[in-house]
Amino acid sequence: IDDDDDDEDTDIFAEFRSKGILLLLESKVYTAAYCLHEHTRAQVNQEKKKSDHVVHKQALVRVDTDTSMWDKLVSDSENTDNNAMLWVKLSDRWVRWKNWWKAQPLSLVRWYFGEKIAFYFAWLEFYTRWLIVPAITGFVIFFLGFGFATNERSDIDEFCSSNRTMCALCEQCEKWTMSEACTAFKYSYLFDNYLTVFFALLLSIWATLFMEYWKRQQNRYAFNWHVTNFEEMEPIRPQFEFTSTVIDDVTEMPKPFYPSTKRMRRYAISFLTVAVMLVIVIMSLVGLIVARVALRSIFYQQGNQTIKAQSGALTSIAGALISLVVILIFNKLYQNIARKLTRWENHEKESSYERALIIKVFLFEFVNNFSSIFYVAFFKGQFVGVPGDYNTLLGERQDECPEYGCLIELTIQLCVIMVGKQAFGNLKEFILPYMGGIVRRYLLNRFSRKSFEKTSSHVENEDDTVIMTRISEDNGDKEHIVKMKRTELSELLVSPEKGPQKIGAVRPFNQLLPWTIQYGFPKYGGIMNEYLEIILQFGFTTLFACAFPLAPFFALINNFFEIRLDAKKHLHVFQRPFGLGGENIGVWQEILQWLGIVAVITNAFVIAITSNFIPRFVYTELNGDLKGFVEVIHAYSPASNSTSVSEQDCYYRSYRDDNGVNSAFFFQVMMARFGFVLLFEHIVFGCKYLLGLVIYDMPADVEVLSQRQEYHVKNALAQELNRQVRRSQEREGVKKEQQSLIK
């Protein structure tokens, strides 16, 4: 018995260890494994060479130069089966820019790439369509903000006509006059008005509606694509390392087993590593804060009066650019660490592996991308101190908000990081792989030519053609390979559309070149980075909607390009990935819901703390208008005995009296801020809860079809069981008759 058990365990070990091409790739058994794009397969049957097949090949070569051939090929593809000539159909209906306003052929994408990638493009299209309303609304609110900035307002008139001397904003800075910041104070109304409060409320509710309706659409796709409950049938990962086997409670069959104690030990080490990386990000933020203070001093000490006058704005822009560079560097470093950690954790299922990897990467990306933004929004200028008693950080005086508040600086930070990250993402994900693929195919082409020259002879004709021959291994005769123009030969392996078809249908190149050429394509890195880019964009759009109403507009423009660039990248640039199944967008859906909750909190606190909406509202309610508002929000310096001249006989922004003690207006504003946060959150969370109750996740027609399908399955099973029962009864009756006859 023991020997039998050992043999069984050995068989199971051998079965699971030999499963999966990914395991063989990691073991360096194979150098690469990929599916071929359909356009590189042999389109001509050796026994049956039809002219339309030749036209097919020629049209693929001359997609851009001969539109008539391409149109004929497309028209031929329309008359084929739904799943035939998928590459041609996708190239025409999906990749081409003329279709930017049309819906994607998701069913074709699903058949060509699998449900996992199809769900990404379905979600991206759904999200892009839903961005139209907030993009238009934010665009309108932004231009209406010019009306608030240009209209005559008592606080603007008071600020711009004031000759008050303001305290220096840094240790090396000098005193300045309040009216010098007139333009910046005026245009702070672009984003600091009651319409942005309405927009934040609108976008918080929009995020809820978007998620609820996406769940419905997602369930519809899952039912139509027959992937409902897909993860329940998910196989074990080939890379899963197990130490023994146990009996599965459901199937009652042996399955691989890895001790939970070892797994928890690895989880703990991974958690500590992630925590250390997050601490490093926070430390880099502290370094950026000190760098901003130093930059402001450097700009202010310049001899150029224009740079000196705009030192605050230049510091904001330079700080945002430095933050962007640090973000991009840390992103690349951490993703490699996260992948190695997740592999080391030894997950049994692919879904659990992806979930752990996504959580690690997103957590780091969120902290990395938004830490500097959270600092500007909620912490900058809150702990500065008062003239004569300034607080310091690493020996440097803390950076404080300008006279018009930190909201404009928050807007600059959001704009630079969001737009810059999207531009760099498109460059990194499409242009760099495309150029790298060209270089890789060029080197592969040179290597192939040198290898071919060793076993081939070239005879040049007068018509500038090259006849390639080689010695046959069977009879020693010269075997004709291909005849082509020299110019066509030079284009070999240059692009995925031209290379394979230049050779023709003569063997053996028709079998060799397709996979040789596609080996020169960049390897497909998975769909995680595509999701991550758009999810972070969703965060920029919703988390600080009141500070940057144009964020949905920029996201909409980016996504129109993103869809077509991602389509071209998947179809023409990268190696074709293996088709993977899935029933939804996975853990990204939970991340979106989490971002929707955080967005409510951040928008409430930005309006209450960062903007001037609450102080203006409170002052207007107490006094009827904003006349005298500028005087109330500025206090006279209490540093009469300070050794620094820049801290004496000047005003600074704070709700304090001349002795540096918080005034009554300070406590009134604080109570109003607290009340606004509670009111805003309760209204939005109440709406989110009600919408979640009213909007069902499953569409009614899909639910009916699902129940009908379940009914037919149960009915078929019942009929089959009844049939088996009748057969067994008939067999029993026959046996009894035979036994009675024997007796």
Side-chain angles (χ1 to χ4, degrees), residues 127 130-131 133-135 137-138 141-142 191-192 196-211 214 278 281-282 285 320 323-324 327 331 359 361-380 405-422 425 531-556 558-559 588-611 613 676-677 680-681 683-685 687-688:
Y127 169 56
W130 271 72
L131 276 174
V133 172
T137 306
I141 287 176
F142 174 75
F191 307 102
D192 197 352
T196 56
V197 178
F198 164 76
F199 185 70
L201 179 65
L202 173 68
L203 215 60
S204 298
I205 297 176
W206 169 88
T208 303
L209 289 172
F210 163 70
M211 282 305 304
W214 165 245
L278 294 179
V281 173
I282 301 300
L285 174 62
S323 299
L324 176 62
I327 287 170
N331 286 351
I359 291 175
V361 173
F362 174 77
L363 181 62
F364 179 84
E365 292 268 2
F366 182 83
V367 175
N368 193 27
N369 283 269
F370 290 99
S371 58
S372 61
I373 297 174
F374 272 85
Y375 163 73
V376 174
F378 304 124
F379 300 102
K380 183 179 178 180
C406 280
L407 194 64
I408 288 186
E409 185 173 350
L410 176 61
T411 304
I412 294 173
Q413 193 90 355
L414 285 166
C415 183
V416 170
I417 294 179
M418 177 183 177
V419 178
K421 197 170 186 304
Q422 288 180 348
Y531 272 116
L532 185 62
E533 178 185 359
I534 306 300
I535 293 292
L536 290 174
Q537 180 201 96
F538 181 84
F540 283 112
T541 303
T542 56
L543 292 180
F544 300 94
C546 56
F548 192 31
L550 288 178
F553 176 77
F554 284 114
L556 179 65
N558 175 81
N559 288 0
W588 298 110
Q589 185 165 305
E590 300 173 21
I591 292 175
L592 284 170
Q593 293 175 335
W594 179 80
L595 284 175
I597 295 173
V598 175
V600 178
I601 301 172
T602 54
N603 280 291
F605 277 96
V606 167
I607 296 170
I609 296 175
T610 314
S611 74
F613 173 77
F676 174 82
V677 170
F680 186 90
E681 289 182 354
I683 290 175
V684 177
F685 283 136
C687 292
K688 291 170 73 71

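These values consider heavy atoms only, across backbone and side chains, with no hydrogens, waters or symmetry-generated copies.
Note: Phe680 and Phe605 fail the aromatic proximity criterion, with ring centroids not under 6.0 Å apart. Between Phe210 and Tyr127, the distance from one ring center to the other falls under 6.0 angstrom.
Once rounded to the nearest 0.5 Å, the distance linking CD of Gln413 with OH of Tyr375 reads 10.0 Å. Separation of atoms CG (Leu536) and CG (Asn368) is listed at 9.5 Å; rounding is to 0.5 Å. The OG atom of Ser371 sits 11.0 Å away from the CZ atom of Phe379 when rounded to the nearest 0.5 Å. Within the model, atoms CG of Leu131 and CH2 of Trp206 stand 5.0 Å from one another, a figure rounded to the nearest 0.5 Å. How far CG of Leu278 is from CZ of Phe364: 7.0 Å, rounded to the nearest 0.5 Å. Distance CD/Gln537 to CG/Leu556: 9.0 Å, rounded to 0.5 Å.
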For this session: Apply side-chain contact (heavy atoms from CB on, under 4.5 Å) to Thr411 and Phe544, showing your working.
Result: CA-CA 9 Å; Thr411 304; Phe544 300 94; over 6 Å; no

Exercise. Does the side-chain contact (heavy atoms from CB on, under 4.5 Å) test come out yes or no for Ile535 and Glu365, once each step is laid out?
Worked result: CA-CA 10 Å; Ile535 293 292; Glu365 292 268 2; over 6 Å; no

Exercise. Under the side-chain contact (heavy atoms from CB on, under 4.5 Å) criterion, do Glu533 and Lys421 qualify, and how do the steps go?
Worked result: CA-CA 9 Å; Glu533 178 185 359; Lys421 197 170 186 304; 5.8 Å; no

For this session: Any chance you could lay out the side-chain contact (heavy atoms from CB on, under 4.5 Å) test for Ser372 and Ile417, step after step, and finish with the verdict?
Result: CA-CA 10 Å; Ser372 61; Ile417 294 179; 3.8 Å; yes

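Within the 3.5 Å criterion, the main-chain N or O of Pro552 finds no donor-acceptor partner in the side chain of Thr541. Side chain of Ser204 to main chain of Ala200: a donor-acceptor pair is present (N/O by atom type, distance under 3.5 Å, no hydrogens or angles). Side-chain atoms of Ser611 do not come within 3.5 Å of backbone N or O of Asp192 as any donor-acceptor pair.
Among residue pairs with one or both ends in residues 590-608, those qualifying as salt bridge (charged side-chain N to carboxylate O under 4.0 Å, His left out) are Arg355-Glu590; sequence neighbours excluded.
Residue Phe142 qualifies as enclosed at atom CZ: its count of foreign heavy atoms under 6.0 Å is above 12.
Listed here is the closest heavy atom pair of Cys546 and Thr196: O-CB, 3.5 Å. Pairing each heavy atom of Ala547 with each of Phe191, the nearest pair is O-CD2, 3.6 Å. Taking both residues in full, the closest heavy atoms of Phe676 and Ala608 are given as CD2-CB, 4.1 Å, listed atom of the first, atom of the second, then distance. Nearest heavy atom pair, residue Phe554 against residue Gln422, reads O-OE1, 4.1 Å.
Below 30°, between 30° and 60°, or above 60°: for Phe362 and Trp588 the angle between ring planes is above 60°, a perpendicular geometry. Using cut-offs of 30° and 60° on the angle between ring planes, the pair Phe540 and Phe370 is tilted.
The side-chain heavy atoms of Leu410 and Phe548, taken from C-beta on, include no pair separated by under 4.5 Å. In this structure, Phe538 and Leu543 have side chains that are not in contact, with every pair of non-hydrogen atoms separated by 4.5 Å or more. Taking 4.5 Å as the limit, some side-chain heavy atom of Lys688 sits within range of a side-chain heavy atom of Val684. Using a 4.5 Å cut-off on side-chain heavy atoms (C-beta onward), Asn603 and Leu201 make no contact.
For the ring-ring contact (aromatic ring centres under 6.0 Å, His included) test, residues two or more places apart in sequence or in another chain that qualify with Phe553 are Phe139.
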